[in-house]
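What follows is a single structure, written as structure tokens, with notes after it.
On a predicted model such as this, the values are computed, not experimentally measured, just so you know. What you see below is based on every heavy atom in this structure, not just the backbone, and it leaves out hydrogens, waters and symmetry mates.
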Amino acid sequence: MTQHTAPEDLGAPVSYLVLKNGTAVYDRSGGEVGTVDHVLADEPANLFHGLLIKTADGHRFAAGDQVDGLFEHGVIVAEPADRLATPSADAPAEQAGNRATGLKRAWVWLIQPK
């Protein structure tokens, strides 16, 4: 993972369309969460589902409504890594709406041959 960078050093805001894999991810307190592994979106429909984040403890999913900001050199999410959902084949049923859809998409992307 990357070294801690203050949020004011994250550069200009960017769109999910240009967010690069490997970009550092921080929580609101400035704690390091991990790095962007994949942006989950339906680009033709301009729908941003969220981010698949590589953490020290495996992959986590941050739904679009959990992403506070996308910047040139970092992303800020609302929760620390241990409070973000873990993509899996048996994702919890209590996930509702867009988060459940994004979590399922995250799992499908993870299991695809690369």
Side-chain angles (χ1 to χ4, degrees):
M1 292 209 222
T2 61
Q3 188 173 341
H4 176 74
T5 303
E8 61 269 12
D9 296 331
L10 295 181
V14 296
S15 158
Y16 71 85
L17 296 170
V18 297
L19 185 66
K20 295 179 183 175
N21 291 348
T23 300
V25 179
Y26 304 97
D27 64 27
R28 288 179 177 166
S29 69
E32 197 170 321
V33 173
T35 58
V36 174
D37 196 29
H38 183 66
V39 175
L40 292 157
D42 288 328
E43 291 180 27
N46 196 27
L47 295 175
F48 172 59
H49 297 288
L51 301 173
L52 188 58
I53 302 169
K54 188 182 291 186
T55 76
D57 294 321
H59 284 89
R60 298 290 186 269
F61 174 69
D65 64 349
Q66 293 176 298
V67 177
D68 290 343
L70 304 171
F71 302 91
E72 292 171 319
H73 307 294
V75 172
I76 299 173
V77 294
E79 304 286 346
D82 62 348
R83 295 190 62 201
L84 294 172
T86 303
S88 71
D90 56 344
E94 66 268 8
Q95 296 287 336
N98 292 336
R99 285 194 188 176
T101 301
L103 192 57
K104 180 174 172 90
R105 287 173 185 265
W107 175 249
V108 169
W109 187 85
L110 274 173
I111 62 171
Q112 288 180 4
K114 313 265 183 301

Given Val67 and Leu51, is the side-chain contact (heavy atoms from CB on, under 4.5 Å) satisfied, shown in steps? CA-CA 8 Å; Val67 177; Leu51 301 173; 4.0 Å; yes

Please list, chain by chain and in numerical order, all residues satisfying side-chain contact (heavy atoms from CB on, under 4.5 Å) with Ala12, sequence neighbours excluded.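 Once residues adjacent in sequence are excluded, the partners of Ala12 under the side-chain contact (heavy atoms from CB on, under 4.5 Å) criterion are Glu72.
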
Reported [atom1]-to-[atom2] distance for the pair [X] and [Y], which is rounded to 0.5 angstrom:
X: Thr86; Y: Asp57; atom1: OG1; atom2: CG; value: 9.0 Å
X: Phe61; Y: His38; atom1: CZ; atom2: NE2; value: 10.5 Å
X: Ile111; Y: Ser88; atom1: CD1; atom2: OG; value: 10.5 Å
X: Leu110; Y: Leu52; atom1: CG; atom2: CG; value: 4.5 Å
X: Tyr26; Y: Asp68; atom1: OH; atom2: CG; value: 15.0 Å
X: Lys54; Y: Asn21; atom1: NZ; atom2: CG; value: 9.0 Å

Stepwise, does the side-chain contact (heavy atoms from CB on, under 4.5 Å) test hold for His73 with Thr23? CA-CA 6 Å; His73 307 294; Thr23 300; 6.0 Å; no

Same apolar cluster (I L V M F W Y, side chains within < 4.5 Å links), Leu47/Leu40: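 Leu47 does not cluster with Leu40.
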
Who are the salt bridge (Lys or Arg N to Asp or Glu O under 4.0 Å) partners of Asp42, not counting sequence neighbours?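 So Asp42 forms a salt bridge (Lys or Arg N to Asp or Glu O under 4.0 Å) with Arg105.
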
Return the minimal non-hydrogen interatomic distance between [X] and [Y], and the atom names on each side.
X: Leu84; Y: Glu79; value: CD2-CB, 3.8 Å
X: Arg60; Y: Pro87; value: CA-CD, 3.9 Å
X: Leu103; Y: Ala85; value: CD1-CB, 3.7 Å

Yes or no on side-chain contact (heavy atoms from CB on, under 4.5 Å) for Trp109 and Asp37, after CA distance, side-chain angles and deciding distance? CA-CA 10 Å; Trp109 187 85; Asp37 196 29; 3.6 Å; yes

Student check: side-chain heavy atoms of [X] and [Y] closer than 4.5 Å:
X: Phe71; Y: Val14; answer: no
X: Glu43; Y: Leu17; answer: yes
X: Thr35; Y: Ile53; answer: no

Give the intermediate values and the outcome of side-chain contact (heavy atoms from CB on, under 4.5 Å) for residues Leu10 and Ile76. CA-CA 9 Å; Leu10 295 181; Ile76 299 173; 3.9 Å; yes

Quick one: ring-ring contact (aromatic ring centres under 6.0 Å, His included) partners of His59, sequence neighbours excluded?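 For His59, no residue satisfies ring-ring contact (aromatic ring centres under 6.0 Å, His included) once neighbours in sequence are set aside.
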
